[in-house]
Amino acid sequence: MATRLQFENNCEVGVFSKLTNAYCLVAIGGSENFYSAFESELADVIPIVKTSLGGTRIIGRLCAGNKNGLLVPHTTTDQELQHLRNSLPDSVVVQRIEERLSALGNCIACNDHVALAHTDLDKETEEIIADVLGVEVFRQTIAGNILVGSNCALSNRGGIVHPHTSVEDLDELSTLLQVPLVAGTVNRGSEVIGAGMTVNDWTAFCGSDTTATELSVIDSIFKLREAQPSSIVDEMRKSLIDTYV
Amino acid sequence: MMSALMDQDSSGMFKVQQTIGSVVCCKCGVPMPPNAANMCVNCLRSEFDITEGLQKSIQIFYCPECGCYLQPPKTWIKAQWESRDLLSFCIKRLKNLNKVRLKNAEFVWTEPHSKRIKVKLTVQAEVLNGAVLEQSYPVEYTVRDNLCESCSRFQANPDQWVASVQLRQHVSHRRSFFYLEQLILRHDAASRAVRIKQVHQGIDFFFGNKSHADSFVEFLSKVVPIEYRQDKQLVSHDVKSSLYNYKYTYSVKICPICREDLICLPSKVSSSLGNLGPLVVCTKVSDRITLLDPRTLRCAFLDASQYWRSGFRSALTSRQLVKYSVFYVEPPVGEATVGGQKYALSYVLIARESDIGKMLTVQTHLGHILKTGDQALGYDIYGANVNDDEMDEYRLHGRLPEAILIKKCYDKERERKKGKPRAFTTKKLPMEMDESRGGRGVDPGKMENEYEEFLRDLEENPELRFNISLYKNKNYQESDETASMTDGEGAPTVPIEELLAELELSEEGEGDGEDDMDE
């Protein structure tokens, strides 16, 4: 079920948080409201880590990650890196990469199997992404826009893209990503989906301006209604236990 | 399938055809093509009202007498009900309309006596990061009746005039005024006159506006040689705002020299014109007087200012023309073309009708049209009693001819057509007759004769007809005309091609009803 919340009266939730199947990063706000909202949903299921990246709070747009790993920009300080390594589960590889385009959250959109990358990303970065995140990388544009990370929100079960995406583009992306896609909006008609919401396989968080219609679209495309966190995480646990043994 | 999706464009690159997908409206969920606001039109409309702050009802003033609408502070604009002028006037009266873009405006039907005008306006404005919204809304105008100043002044005193033009010509006939009347009708110069009154030796025109009178006097100065003076009389004056109301009067004198007059030039004028023979004939009066010396076929032009400097009068006028019979015309000794008219100088043997026995040989400038057996009209200088000092002097020295012929006479030919109507008619100005002064009033019988002569003049002189509109006579039958034409040369008439069809005033207003009929 999708939740509506605000970060310090701002509806762009995807800017200040990063949600994956294995962990959740939130920015440090003046009050604890933002953190509490996440906690109430995700408390015992996955760790919620309060952090900053490079001293900024716009962590959602600076880092890109999935259940396998997390990529942070070169502006991240050593302390932050260490804090992240400590707080996150051991299965998650935290890697700092040297890349000219440092807003990795804007440049990379990924789920656990496949990632879309900014067309101007370095070759090495692409290799690191494929390596650390364990995904197949495709350089793509969405609705003619090269910032793929901001213009779409992706999970393993579905995705929402920029509303001006043409039908042919939608088909092509859907084929690449192997998930159903829909062109939609969030936060009362805002076209920047990636910044307006954050999603994983069983839950989603959107800005409080999101209308009921948009919420229903989100619920249906990401299949959130019937999703239970336990079943998904149990599967993960099983694999973890496997490695122990 | 590939080719359906991709085309090769001019640069040789494959371009995939892009179809616009559809998203749901973020408010109501109805599928729609994506737009800048990502909301369907109805949701946008419900949220943003671009007509907020625009005037929806307003009062306008209308003068029922002249059908004008008031544009404050003082202008009255004439407009018809539901016309384009009224629409643009109504839109101009609205304030704040520059904040939005006006796409369309049209009238909505209202009952004519409801005193309401409804206009439906369609406006466009930008809302919310680039989305342009179009909305239409009605504006209601309440019409209030209010007489405009000129109508209220007219109501108070219907005979009110502000400027008058008193046109006078001190001669004993009214020919010039007949001709002038036709000119005025043709050029519509007196259309704005409030009243036109006929007086002894002249016509009075009354106007409601000084500028109308001004333009009328200017028109006159272009068609006849005039001299005028302007005077004003104070009617009222407003002490506080220092506004003075005047009545203006233009006293206009037309030069007394007319066509076919015989003039004996004073020696000063004669020498200034290059020693033009003392006796000259006036052949044409427009804004200049054309003087022709019948002995040398030389011509001179005098315009108004030149004429009034000397102010000479004619010695003999057309009243004093007498009939001569032409017995013999010698071949012409000289020819000249003066002002478009051909003249030929020759000697003729003539005798006065009343005194056939006495034969005279005189020089005449009409050699090109006179033939043996014709009749001509001319001045009998030998026998005339002229009140002119100059002429007396010349007579003493014996340098005057005995007679001067002026024009050919068509009386014999006219006999055949007597009583039959003419092929053309003329229109008249709406003039009041001056009946107030008993003895000096105009005699209707005399007027008839003079008008008949004027019409004959028109028939004989094509150049006179140049600036005049002649209309076809409905009662006239063509068959009579052709019958009389077969027996030799008929009297000169106006050719059918020059006649105009009568202007029919229909419901659509005056259209261009003039057309020349082809034979």
Side-chain angles (χ1 to χ4, degrees), chain A residues 2 4 11-12 140-145 150-153 158-177 180-197 204 206-222, chain B residues 1-53 99-101 123-136:
Chain A
R4 285 193 268 215
C11 296
E12 308 291 327
Q140 269 291 336
T141 64
I142 297 181
N145 209 311
S150 348
N151 285 320
C152 78
I160 301 188
V161 290
H162 191 285
H164 289 172
T165 315
S166 66
V167 171
E168 288 82 13
D169 270 359
L170 213 54
D171 287 338
E172 195 186 328
L173 286 169
S174 192
T175 323
L176 278 178
L177 301 173
L181 293 178
V182 76
T185 65
V186 79
N187 281 341
R188 206 180 186 73
S190 164
E191 293 161 346
V192 196
I193 324 282
M197 63 179 285
C206 322
S208 52
D209 273 353
T210 312
T211 62
T213 319
E214 288 166 340
L215 219 51
S216 72
V217 169
I218 290 168
D219 276 346
S220 70
I221 195 68
F222 292 115
Chain B
M1 196 177 63
M2 290 274 272
S3 54
L5 288 175
M6 307 193 198
D7 338 276
Q8 209 162 3
D9 71 356
S10 52
S11 66
M13 303 234 325
F14 279 113
K15 269 189 99 179
V16 185
Q17 188 196 15
Q18 307 280 2
T19 338
I20 315 265
S22 84
V23 291
V24 284
C25 161
C26 65
K27 267 188 88 175
C28 59
V30 55
M32 53 163 231
N35 61 28
N38 291 314
M39 277 200 261
C40 65
V41 183
N42 295 327
C43 293
L44 260 182
R45 273 220 189 113
S46 65
E47 248 186 83
F48 300 100
D49 181 15
I50 54 179
T51 65
E52 205 177 350
K99 290 206 190 114
V100 296
R101 206 158 32 136
V123 291
Q124 264 183 1
E126 192 187 293
V127 298
L128 188 67
N129 63 314
V132 177
L133 194 57
E134 190 178 285
Q135 195 175 340
S136 46

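Letters A, B, ... mirror the listed sequences (proteins, then strands); counts begin at 1.
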Intermediate values then yes/no, side chain to side chain contact (heavy atoms under 4.5 Å, CB included), Thr211(A) and Cys26(B): CA-CA 6 Å; Thr211(A) 62; Cys26(B) 65; 4.0 Å; yes
Proximal component of Thr185(A), with respect to chain B [non-hydrogen, under 4.5 Å]: side chain
Best-contacting candidate, Val24(B), Val23(B), Ile20(B), against chain A by heavy atom pairs under 4.5 angstrom: Val23(B)
Partner residues of Arg188(A) under the salt bridge (Lys or Arg N to Asp or Glu O under 4.0 Å) criterion, sequence neighbours left out: Glu47(B)
Student check: side-chain heavy atoms of Asn38(B) and Pro163(A) closer than 4.5 Å: yes
Intermediate values then yes/no, side chain to side chain contact (heavy atoms under 4.5 Å, CB included), Lys27(B) and Thr213(A): CA-CA 6 Å; Lys27(B) 267 188 88 175; Thr213(A) 319; 5.5 Å; no
Listed partners of Glu172(A) passing side chain to side chain donor-acceptor pair (under 3.5 Å), at least two apart: Gln140(A)
